[in-house]
Amino acid sequence: MKEFAGKIAVITGGGTGMGRELARQLVAEGCNVAMCDVSAEAMAETKRLCEVEKLPQGLRITTHIADVSIEDHYKRFRDELIEQQATDKIHLLFNNAGIGGGGSLFTNTREQWERTFNICWGGVYLGVRTFLPLLVKADEAHIVNTSSVNGFWASVGMGVSHTAYSAAKFAVKGFTEAMINDLRLNAPHVKCSVVMPGHIGTSILSNSRKVQNGSDQLNADELKQARQRLQGQGIDVAKMSDADIQQLALDRARIFHDEAPTSAAAAAKIILDGVKAERWRILVGDDAHLLDERVRKTPEQAYTPEFYQNIVAATGWKVG
């Protein structure tokens, strides 16, 4: 797919981050967009940003409330899209929605763990299941599934557990790679790509807490985990109050967004360029390329303190 003009794209998690930037860049190229998110307000802002420049006549941007872990929400999204976009086909599917959380089997609840897994993995699976018939009806189509560097390296550092998100992202990677031949055999005009971003400047940390807790405040389990993570970094937390820990968490979310080596806009451009080049494997960010190289080179060392310290030294990572 060499150009997006006149095509119809579905984007999950279109309210913020990479989803928002994908929408903006696709619309700028003349592509119709149907996005979903759990936040109507966030999607309204994305739509406003897309419409800052006058849209070409007939270009459509539609917004749809949907929790991607719930199949009935996806079906409603699909049906609304068919009606509002006046189509029976789509050309692009960006399974982008995701949250963090549920890192530990010990200190997180089962509900938190499965909430993360069901959005980050289940949302991709249900997205493909729901929209595949519409993709097949198009003359050419492309599925873009967002995994992560945590789809080949199940860690963000020695001081914090990261099981739910990593398990989900490994599943997304394997699913997409398996789809390459499944599509080749059964729908050769439909292509697919797995996207593996490194540290991208998004609001995933604060947004994840809002989805998990209903606010950006840490709950009791998260406060405990934050103390554990800080201790793992050699910080004395004995005299720190819960309010101190909460402020550090807010600062961490701000730093994650503001000081990332790759912006969400730059990430979206890399992804769209990868789709145009029909690359099935899209690494996003210099840190993603470096991690990929080093995990492949020394897989047995990938979960040692020395490996992580070397990654931090080489990339300036502030995500652990």
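In this chain, residues are counted from 1 in sequence order.
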With a 4.0 Å cut-off on N to O distance, would you call K173 and E177 a salt bridge? yes
Give the minimum heavy-atom separation between I65 and S39, together with the two atoms involved. CD1-C, 4.0 Å
Is any NZ, NE, NH1 or NH2 atom of the basic residue among D273 and K269 found under 4.0 Å from an Asp or Glu carboxylate oxygen of the other? yes
Holding to side-chain hydrogen bond (donor to acceptor under 3.5 Å, both in side chains), I want the full list of residues that pass it with N310, two or more places apart in sequence or in another chain. none
Can you name the ring pair (Phe, Tyr, Trp, His ring centres under 6.0 Å) partners of Y74, sequence neighbours left out? none
Identify, with sequence neighbours excluded, every residue that meets side-chain hydrogen bond (donor to acceptor under 3.5 Å, both in side chains) alongside D286. none
Looking only at heavy atoms, which two atoms of A154 and S166 are closest? And how far apart? CA-OG, 3.4 Å
Is the closest side-chain heavy-atom distance between H142 and V144 below 4.5 Å? yes
So, do F170 and W121 have ring centers that fall under 6.0 Å from each other? no
Would you check if the side chain of T46 reaches a backbone N or O of G14 as a donor-acceptor pair within less than 3.5 Å? yes
Would you call V284 and I200 a side-chain contact if the rule is heavy atoms closer than 4.5 Å? yes
Which residues satisfy the salt bridge (Lys or Arg N to Asp or Glu O under 4.0 Å) test with R184, sequence neighbours excluded? none
Measure from the side-chain N and O atoms of T116 to the backbone N and O of Y165, and report whether any donor-acceptor pair falls under 3.5 Å. no
Between E293 and K297 (salt bridge meaning N to carboxylate O under 4.0 Å), is one present in this structure? no
Can you run down the salt bridge (charged side-chain N to carboxylate O under 4.0 Å, His left out) pairs that involve residues 28-39, sequence neighbours left out, and say none if there aren't any? E29-K276
Please determine whether a side-chain nitrogen of the Lys or Arg among E45 and R48 lies less than 4.0 Å from a carboxylate oxygen of the Asp or Glu. yes
Assess whether a salt bridge exists between D292 and R296, defined as any Lys/Arg side-chain N lying under 4.0 Å from an Asp/Glu carboxylate O. yes
Could you tell me which residues satisfy ring pair (Phe, Tyr, Trp, His ring centres under 6.0 Å) with F77, sequence neighbours excluded, listed by chain and number? H64, F131
